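Shown next, in structure tokens, is the structure this report addresses.
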Amino acid sequence: ADPWSVQDDSVSEREEREESQREEAKNLYYKNMELNKVYSKFSISIINGKPVIISQPNEINVQDFVVEITGDTIQENVEKILLYVYDEIGLLSEGFISVCKGGYWGYCNLILKEVIEPKYNLASSVKEGFAIVSKGNKYDYIKMTGCTEPDIWTDLEFETASPFSNGMACVKKDGLYGYINNSDRNKCIIPCIYEAACDFNREGCAVIKIGGKYGMINKKGELILEPIFDYYTSSYRGNYNASIGKKHYWLYKNGTFKEV
């Protein structure tokens, strides 16, 4: 039998059944514990024998509405709520969801509050606490976590911008690559002087290209491996294949290498 069907029972039996349905609905929500804070701003009720989410007045920037619970996880139901308000949504990441309205992107948090109004051409997922946004063909970073509200981290109008990796992010300006970090605001901590640059690995090293050759630097921008290699490519477990002329090398992720 349909567990949500309405039957002609006594008032007490109906109330008991609805209470059971509410508990079942709540259990469904808490399958995804990361998102359970969403429901501090919503109430669960039964309408026509089915569990629904009802928004509470003045808690979000939209009209009151009712969404029937159909998803297997909280995230699926949150997505349904957001798509009631916005034209398109991105992926949930680190407590934020990018949202699009009228062709422009912003962000909502886990209680469905619009923390950044849709005003950007692009808005990335949040990684290591930072989001990348663009206006026109220029990119910058917004600090999303560890602060009371989203905080503009850079205003340097980069040509390209990569997500943070191990506390550093690779950026491009004036045709060359460098790095920002997660502690120095609005500053290229490693200047944009490289012809190519990769993300920093867990060992705190990154492959760079300068003068037509590949080498490695640390997070201070110091060379830990002179740029002597003609070619490199990432390989097994974060190590690299590299070559000098016809000689081939293993270039290890800690900055050492050996001929193979």
Side-chain angles (χ1 to χ4, degrees), residues 32 34-35 37-42 53-67 70-71 73-165 168-175 177-182 184-188 192 199:
N32 188 335
E34 183 185 11
L35 289 175
K37 289 185 289 185
V38 170
Y39 294 95
S40 67
K41 302 300 181 184
F42 293 84
I53 302 167
I54 302 177
S55 70
Q56 297 178 5
N58 302 320
E59 294 289 356
I60 56 177
N61 301 328
V62 296
Q63 299 175 0
D64 287 354
F65 57 90
V66 173
V67 177
T70 57
T73 67
I74 290 175
Q75 183 170 348
E76 290 174 353
N77 286 302
V78 168
E79 289 172 351
K80 178 177 283 191
I81 294 171
L82 289 175
L83 286 171
Y84 180 92
V85 184
Y86 298 98
D87 304 328
E88 190 176 351
I89 62 174
L91 297 176
L92 170 72
S93 55
E94 300 186 16
F96 296 93
I97 305 171
S98 55
V99 294
C100 181
K101 188 79 169 178
Y104 293 95
W105 289 85
Y107 291 91
C108 282
N109 64 15
L110 283 182
I111 58 173
L112 303 186
K113 179 182 178 182
E114 188 179 275
V115 294
I116 297 178
E117 65 174 306
K119 60 182 179 180
Y120 295 103
N121 297 112
L122 293 172
S124 75
S125 298
V126 178
K127 185 176 181 184
E128 295 190 12
F130 290 84
I132 301 169
V133 294
S134 76
K135 284 187 175 181
N137 295 320
K138 301 299 182 181
Y139 298 83
D140 273 295
Y141 293 81
I142 297 177
K143 184 175 175 62
M144 302 292 286
T145 62
C147 46
T148 56
E149 59 184 27
D151 187 13
I152 301 295
W153 191 248
T154 65
D155 186 22
L156 299 175
E157 298 188 338
F158 297 113
E159 294 159 20
T160 63
S162 299
F164 270 82
S165 174
M168 305 286 284
C170 182
V171 295
K172 182 180 181 182
K173 194 170 180 65
D174 298 327
Y177 294 87
Y179 296 89
I180 65 169
N181 65 15
N182 58 11
D184 291 273
R185 179 193 299 273
N186 215 36
K187 180 180 180 181
C188 282
C192 293
D199 289 338

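Reckoned from all heavy atoms, side chains included, excluding hydrogens, waters and symmetry mates. In this text the structure is predicted, and so the values were computed from the model without any measurement.
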Checklist entry - If every non-hydrogen atom of Ile132 is compared with every non-hydrogen atom of Tyr139, which pair is closest and at what distance? => result CG2-CD2, 4.0 Å

Item to check | Minimal non-hydrogen separation, Thr145 against Glu94, with atom names | outcome: CG2-O, 4.2 Å

Item to check | Pairwise distance CD(Glu149) to CD1(Ile142) - rounded to 0.5 angstrom | outcome: 11.5 Å

Checklist entry - Minimum heavy-atom separation for Cys170 to Asp199, with atom names? => result CB-OD1, 4.4 Å

Next on the checklist: What's the separation between atom CG in Asp140 and atom CH2 in Trp153, rounded to the nearest 0.5 Å?
Outcome noted: 13.0 Å

Checklist outcome for this item: Taken to the nearest 0.5 Å, the spacing of Lys143 NZ from Ile152 CD1 works out to 13.0 Å

Next on the checklist: If you define the side chain from C-beta out and look only at heavy atoms, does anything of Tyr86 sit under 4.5 Å from Pro118?
Outcome noted: yes

Item to check | Ile116 to Pro150 - nearest heavy-atom pair and separation | outcome: CD1-CB, 3.7 Å

Checklist entry - Between Lys138 and Glu159, which heavy-atom pair has the shortest distance, and what is it? => result NZ-CG, 3.9 Å

Next on the checklist: Nearest 0.5 angstrom please: Asp151 CG to Tyr141 OH, how far?
Outcome noted: 15.5 Å

Next on the checklist: Could you work out, with side chain to side chain contact (heavy atoms under 4.5 Å, CB included) as the rule, every residue matching Glu128, not counting sequence neighbours?
Outcome noted: Phe164

Item to check | Gap between atom CZ of Arg185 and atom CD1 of Ile180 - 0.5 Å precision | outcome: 11.5 Å

Next on the checklist: With a 3.5 Å distance limit and no angle check, can you tell me whether Lys173 reaches the backbone of Cys192 through a side-chain donor-acceptor pair?
Outcome noted: no

Checklist entry - Lys135 versus Tyr120: any side-chain heavy-atom pair under 4.5 Å? => result yes

Item to check | Nearest atoms (heavy-atom pairs only) where Cys188 meets Val171 | outcome: SG-CG2, 4.1 Å

Checklist entry - Going from CG on Asp184 to OG1 on Thr154, what distance comes out if it is rounded to the nearest 0.5 angstrom? => result 12.5 Å

Mind listing the side-chain donor-acceptor pairs of residues 100-107 below 3.5 Å, one per line with the distance, residues two or more places apart or on another chain?
from   : atom 1 : to     : atom 2 : distance (Å)
Lys101 : NZ     : Val85  : O      : 2.7
Tyr107 : OH     : Ser124 : N      : 3.2
Tyr107 : OH     : Ser124 : O      : 2.7

Item to check | Beyond-backbone contact of Phe158 with Lys172, side-chain heavy atoms, under 4.5 angstrom | outcome: no

